[in-house]
Number of protein chains: 2
Amino acid sequence: MSRALTGGTVSAATRETVIEAATRLNYQPNRAARGLITGRTANLGLIVPDLRNPFFADVAKGVSARARTVDHGVFVADTDEDPVAELEAVAALGRNTDGLLLCSPRSADADLLAAADPATTVLLHRQVPGMSSVVADVASGIRQAVRHLRALGHRRIAYVHGPEDSWAARRRVTALAAFDDDAELEILRLGSVAPTFEGGLLAGDLVLAGPATAVLAYNDLVALGLLHRLAARGAAVPERISVVGFDDVSLAAMSHPPLTSVSVPKDRAGAVGLDLLLGRTGVAGGEMTLPTTLVVRASSGVAPLSTRER
Amino acid sequence: MSRALTGGTVSAATRETVIEAATRLNYQPNRAARGLITGRTANLGLIVPDLRNPFFADVAKGVSARARTVDHGVFVADTDEDPVAELEAVAALGRNTDGLLLCSPRSADADLLAAADPATTVLLHRQVPGMSSVVADVASGIRQAVRHLRALGHRRIAYVHGPEDSWAARRRVTALAAFDDDAELEILRLGSVAPTFEGGLLAGDLVLAGPATAVLAYNDLVALGLLHRLAARGAAVPERISVVGFDDVSLAAMSHPPLTSVSVPKDRAGAVGLDLLLGRTGVAGGEMTLPTTLVVRASSGVAPLSTRER
DNA sequence: CTGAAAGCGCTAACAT
DNA sequence: ATGTTAGCGCTTTCAG
């Protein structure tokens, strides 16, 4: 009898008897059958471009941990950075879950709106008008990073841009524009590179070709590539040039030198997104912004004396 | 009518009509309902100790990619290195899937045997008698690493041991024993450390306290910690001391210097495990071993002259 | 070859 | 408060 276990109106005695029998027989209701009638599966879908990217691994970990506490299963789909696979995954998972957590840096707003049901989808680290989302306060992070560098005496700061089609990358650029009218500062926007270690390698030479004494990288992977290339070219970090990353993935603390980086709450974003999806939060269908913090490590230091204004 | 779509006996004309209507209405069968009657869900479970660990992220990626090609869903559970959570996950996922892919470095053989149904479970990077498994050829990897170092003139090689209770760690030690009667070589087995960057930091000092000119680390994370600590202590790598990692995670190529490491096919293990689970391979219910390869990078070099026998 | 009916395991609504 | 029935969406069996 389902009532005793589900919490219907039964006498205490009956419930006890039933529960006793259930535990003895190790009975567990079949979720599929239950879902068929209740319409809810107690399963969620998480779609990420690349699990190998520590950023998304962290997000997945946050989602998985929170899901366990609310007794939900999580389907994970890795789309391998392929927008087509992404839309397919949305369609496939959307049908068999109660909701979707979607990390989609690249797809167009319209595609997302067309493929995903806004009522049962929460975007992670991405905003699209009309859809729920959880993002980090990128603008604040950028501000903290730039102010940190300015305080260290840097006057020319290079920014290594991420993929043109990435929402996060555009976000960074917008935030950077706040410093356009800062007469003390010159932000040198370098070309866009892949958001990877290899992209950072490439960017290293770009940085050294210019007058910048500090670089702000699109993300930590790029920053790591920068560190690598700068070392190979004999440019001391941070003596000759300071490097600041973004995301604060676990690698940041392991690099040489350890990387100053803007910390974004990756796993928390996953957990909060899940809560939003399950409606356990006040911010109904809304956009949620999580704070960012600059973590100062050894890759940023005072600007070389010669470049500082007297 | 289900027959037309599932492949029953229908006339070509009927099938065409049905399919046309189905596509027009964007009809997709409800998997839960289908599973209720067929007994198969087309869903798999993957259980890992920590998604943040790049090793398991790679495995998950391999599983996810292969699952997509065979049109199966994947439940992912991150147990946060907690054996209790692991057994719970096995119980929870086992019930609602067609099979389980299980990465369980720590749990005891008996616990695994008791919790998981051997008929529907494949162990990844772990062997337990009586259960199907996919592992890497650790012994070969260890041999390649040691021979590489010996060829470079190293005579005293330290080994940084992983967690005592880890199957993989025990595996490494067993493989290392093959060199016990090599008169030319002395393997110095250092104490066991956590399989993390921090563990490697700790091990760095242990290594420097001994006479070894080369270190073989339990895994790449430990090797990275070693690199970090050795640099901090002023020991040049590889001039003063060579470092070799294990697993060849993507970080290995990004370290400074890039890490020589034993490459194990992580994503392939996931894919092969999935095939084994679905019975699409000849090795029925068996144990499968995948090859390992040493990838030589800059962290290993010839032994310091003074230590070499003439 | 096609239509109809049974039933997978469960919960909801309706009786008692 | 408890027993009973219908039916979630599908596949399978059994008739026709």
Side-chain angles (χ1 to χ4, degrees), chain A residues 1-45 67 70-75 88-100 117 119-120 278-279, chain B residues 1-45 67 70-75 88-100 117 119-120 278-279:
Chain A
M1 184 115 299
S2 151
R3 263 176 298 218
L5 304 170
T6 320
T9 56
V10 264
S11 74
T14 318
R15 160 164 297 140
E16 186 159 337
T17 315
V18 174
I19 288 182
E20 192 276 332
T23 46
R24 190 164 41 78
L25 299 173
N26 195 15
Y27 168 82
Q28 293 286 135
N30 178 323
R31 289 203 162 184
R34 171 182 290 179
L36 209 50
I37 184 140
T38 60
R40 301 192 310 103
T41 60
N43 290 149
L44 265 26
V70 295
D71 200 33
H72 275 234
V74 181
F75 281 106
E88 283 173 6
V90 169
L93 290 187
R95 219 183 318 286
N96 301 281
T97 58
D98 295 346
L100 250 38
D117 176 2
T120 58
L278 266 34
Chain B
M1 184 114 300
S2 150
R3 262 176 299 219
L5 304 170
T6 320
T9 56
V10 265
S11 73
T14 317
R15 161 163 297 139
E16 185 158 338
T17 316
V18 173
I19 289 182
E20 191 276 332
T23 47
R24 188 165 41 77
L25 299 175
N26 195 16
Y27 167 82
Q28 293 286 135
N30 177 323
R31 289 202 163 185
R34 171 180 290 181
L36 208 52
I37 183 144
T38 60
R40 301 194 309 103
T41 60
N43 289 149
L44 265 25
V70 295
D71 200 32
H72 276 235
V74 181
F75 281 106
E88 282 173 6
V90 169
L93 289 187
R95 219 181 318 285
N96 300 282
T97 58
D98 296 346
L100 249 39
D117 177 3
T120 57
L278 266 35

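Lettering follows sequence order; numbering is per chain, from 1.
Listed candidates were C:dA12, D:dC10, D:dC8. Nearest to the side chain of A:T38 is C:dA12.
Separating the C1' atom of D:dT5 from that of C:dA6 is a span of 16 Å, rounded to the nearest Å.
Look at CZ on B:R3: it is 11 Å from C1' on D:dA15, rounded to the nearest Å. Rounded to an integer number of Å, the gap from CD of A:Q28 to P of C:dC10 is 10 Å. The distance between atom OH of B:Y27 and atom C1' of D:dC10, rounded to the nearest whole Å, is 7 Å. To the nearest angstrom, P of C:dC8 lies 19 Å from CZ of A:R34. Atoms CZ (B:R31) and C1' (D:dG9) sit 15 Å apart, rounded to a whole Å. Between the CZ atom of A:R15 and the C1' atom of D:dG3 there is a distance of 17 Å, rounded to whole Å. Put simply, CG on B:N30 is 16 Å from P on C:dC10, counting in whole angstrom units. Distance B:I37 CD1 to D:dT12 C1': 6 Å, rounded to the nearest Å.
Proximity of A:S11 to the phosphate of D:dT2: a side-chain N or O atom is located under 4.0 Å from OP1 or OP2. Within the structure, a side-chain polar atom (N or O) of B:T14 is placed less than 4.0 Å from OP1 or OP2 of C:dT2.
Note that CD1 of B:I19 and CZ of B:R24 are 13.5 Å apart. Values are rounded to the nearest 0.5 Å. Interatomic distance, A:T41 OG1 to A:N96 CG, rounded to the nearest 0.5 Å: 8.0 Å.
Residues A:T97 and A:T120 fail the side-chain proximity criterion, which asks for heavy atoms closer than 4.5 Å.
Toward the 5′ end of DNA chain C lies the nearest nucleotide of B:A12, the other residue of the pair B:A12 and B:L36 mapping further downstream.
Counting heavy atoms of neighbouring residues, nucleotides and ligands inside a 6.0 Å radius, atom CZ of A:R95 exceeds 12 of them.
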